[in-house]
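Read the structure below first, then the notes.
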Amino acid sequence: MSKSYNVAVIGYGWAAGAHIGAINATRQAKVRAVWSSRALSSAELSARHGSPITAHSDLEAMLGDPTLHVVDITSYPDQHAAQFISAARHGKHVIVEKPIAVEWSDILTMKKAVRETGIKTCVCFECRYSSQFVATKAILDSGLVGRLHYGEVDYYHGIGPLYGQYRWNTKRRLGGSALLTAGCHALDALLLCMNADVEEVTSYATQSANPLFTPYEYRTTSTSILKFGDGSVGKCAAVVDCLQPYYFHTHLVGSDGSILDNKFHSQKLAGLNRHAWSALSMKLLDSGDVGDHPYQTQFQAFFDALDEGKDMPLTSFGDAFKSHRAIAAADKSAAEGRPVKLAEIPAD
């Protein structure tokens, strides 16, 4: 039997609006509280979102409310670690937006808090719950393309002045890197598909000459080559300074076929034209707008897992930790101009 969960949201910006609608649409959960550094009206929040919500200005007081069960962190990335740890110490389960933190030392501290408190977690690598990657993973698991030996998943989304996050995303302490700020979705999807442990990463970074991207305090394009423990190889480009439509490029090559975005070919299916791709009726990831993200599907999986007292599938803190560790290796490689073994990034 499903339980019911009262949720508190930290931060009230672009992502929070999408989160609140998705949480309220699940079977078990309702947002009951919002903390923001800005003054908010409880009446206005309640009217806007269609259920009673209390606005808070004292974060510790909100976290100490015993009627709240889950905290959803949608604040600036450099605030995630402290807020996550405080929520965990108050015994709250946590949803946290990506990146879970910008600095690796903070991520290690968050991991320790999860281990010591036993809270359940959900990290917003929601692309794993998208139609595109649910279908892609199903094809891979069916064996239709055989054993993967090469994969590339790339993120192309120009984050310029037309996007609200641009005003803070340009800062190194908030955006971090092209991978941390947004390309992490692509690298995370690559790890999901390759399903092997990363051994070594070599990464290079550069930046557009267009003045729109001059305010960025970090290089806004990177490409990373990943060597996996099973001998396979992967590539991930993170490009947040492109001038083109949003594109989440996916090409996975196996021993019996390949997947290219929403197309595939398999030697295991008789009668297919070997000179043509076959179409997959999936919905491709085609937007960076949070309103288009599959949060509801992801959050439903989280609350279902809470009902069972289990870690959620696919996007728990442990899953996201692996992806962030590979990102840390990639950013270290780009900064130091050399390949970086994953073992160089401490796990504890």
Side-chain angles (χ1 to χ4, degrees), residues 3-13 15-16 19-20 22-23 26 28-37 54 56-126 174 176 180 184 188 295 298-325 327-328 345-348:
K3 303 174 184 177
S4 60
Y5 302 98
N6 295 327
V7 181
V9 175
I10 295 179
Y12 191 68
H19 282 217
I20 292 171
I23 289 168
T26 64
Q28 305 99 313
K30 292 292 181 185
V31 173
R32 300 300 187 191
V34 171
W35 174 89
S36 175
S37 57
T54 301
H56 288 265
S57 58
D58 186 329
L59 180 58
E60 283 300 304
M62 185 181 77
L63 294 178
D65 183 346
T67 68
L68 298 173
H69 311 106
V70 176
V71 171
D72 177 19
I73 299 173
T74 69
S75 55
Y76 293 127
D78 67 337
Q79 299 174 335
H80 287 181
Q83 293 167 349
F84 182 102
I85 292 165
S86 184
R89 299 297 181 208
H90 281 89
K92 313 301 185 186
H93 303 299
V94 178
I95 299 168
V96 59
E97 260 294 347
K98 61 79 190 165
I100 50 180
V102 173
E103 304 301 331
W104 186 247
S105 58
D106 286 338
I107 294 176
L108 291 177
T109 306
M110 295 164 79
K111 181 183 179 183
K112 181 181 178 183
V114 172
R115 182 173 63 245
E116 291 178 349
T117 63
I119 64 161
K120 303 301 181 186
T121 54
C122 169
V123 177
C124 291
F125 278 148
E126 68 280 355
L174 295 171
L180 276 170
C184 53
D188 181 68
Y295 287 124
Q298 182 189 32
F299 295 161
Q300 186 61 65
F302 177 56
F303 293 118
D304 287 346
L306 285 185
D307 281 350
E308 299 177 8
K310 298 179 179 178
D311 290 336
M312 79 168 298
L314 298 178
T315 60
S316 70
F317 187 92
D319 296 311
F321 182 86
K322 294 177 182 178
S323 296
H324 279 80
R325 194 177 181 207
I327 291 168
I345 309 300
D348 290 293

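More than 12 heavy-atom neighbours from other residues, nucleotides or ligands sit within 6.0 angstrom of NZ on K111.
No donor-acceptor pair under 3.5 Å is formed between the side chain of H93 and the backbone N or O of I119. Looking at Y5, its side chain does come within 3.5 Å of a backbone N or O of D307 through a donor-acceptor pair. Although no hydrogens or angles enter the test, the distance criterion places no donor-acceptor pair under 3.5 Å between the side chain of D188 and the main chain of S323.
D72 has its side chain out of reach of V31: every pair of non-hydrogen atoms, C-beta onward, lies at least 4.5 Å apart. In this structure, F317 and V94 have side chains that are not in contact, with every pair of non-hydrogen atoms separated by 4.5 Å or more.
Ring geometry for H19 versus F299: interplanar angle over 60°, hence perpendicular rather than tilted (30 to 60°).
Between the CG atom of D65 and the CZ atom of R32 there is a distance of 12.0 Å, given to the nearest 0.5 Å. Going from atom SG of C124 over to atom CZ of F302 covers 10.0 Å, rounded to the nearest 0.5 Å. From T121, atom OG1 reaches atom CE of M110 across 9.5 Å, with rounding to the nearest 0.5 Å. With rounding to the nearest 0.5 angstrom, the CD atom of Q298 is 10.0 Å from the CD1 atom of I23. Once rounded to the nearest 0.5 Å, the distance linking CG of D311 with NZ of K120 reads 4.0 Å. Note that CG of L174 and CG of D78 are 4.5 Å apart. Values are rounded to the nearest 0.5 Å.
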Is there a side chain to side chain contact (heavy atoms under 4.5 Å, CB included) between F321 and V114? Walk through the geometry before answering. CA-CA 12 Å; F321 182 86; V114 172; over 6 Å; no
Does the pair I95 and Y295 meet the rule for a side chain to side chain contact (heavy atoms under 4.5 Å, CB included), with working shown? CA-CA 11 Å; I95 299 168; Y295 287 124; over 6 Å; no
- Task: Could you check R89 against T117 for side chain to side chain contact (heavy atoms under 4.5 Å, CB included), going step by step and ending with a plain yes or no?
- Result: CA-CA 7 Å; R89 299 297 181 208; T117 63; 3.6 Å; yes
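Considering Q79, H80, Q83 as possible partners of I10, the one that fulfils the side chain to side chain contact (heavy atoms under 4.5 Å, CB included) test is Q83.
Counting all heavy atoms, side chain and backbone alike, T74 lies closest to A16 at OG1-CB, 3.5 Å. Contact detail for S86 and E60: the closest heavy-atom pair is OG-OE2, 2.7 Å. Shown here for L314 and D319, the closest heavy-atom pair between the two residues is C-OD2, 3.0 Å. Of all heavy-atom pairs spanning Q300 and Q28, the tightest one is NE2-OE1, 2.8 Å. Taking both residues in full, the closest heavy atoms of W35 and M62 are given as CB-CE, 3.6 Å, listed atom of the first, atom of the second, then distance. Minimum heavy-atom separation, L180 to H324: CD2-CD2, 4.1 Å.
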Check: residues 98-108 side-chain donor-acceptor pairs under 3.5 Å, at least two apart:
unit_1: K98; atom_1: NZ; unit_2: T181; atom_2: O; d: 2.5
unit_1: E103; atom_1: OE2; unit_2: R172; atom_2: NH1; d: 3.4
unit_1: W104; atom_1: NE1; unit_2: P346; atom_2: O; d: 2.8

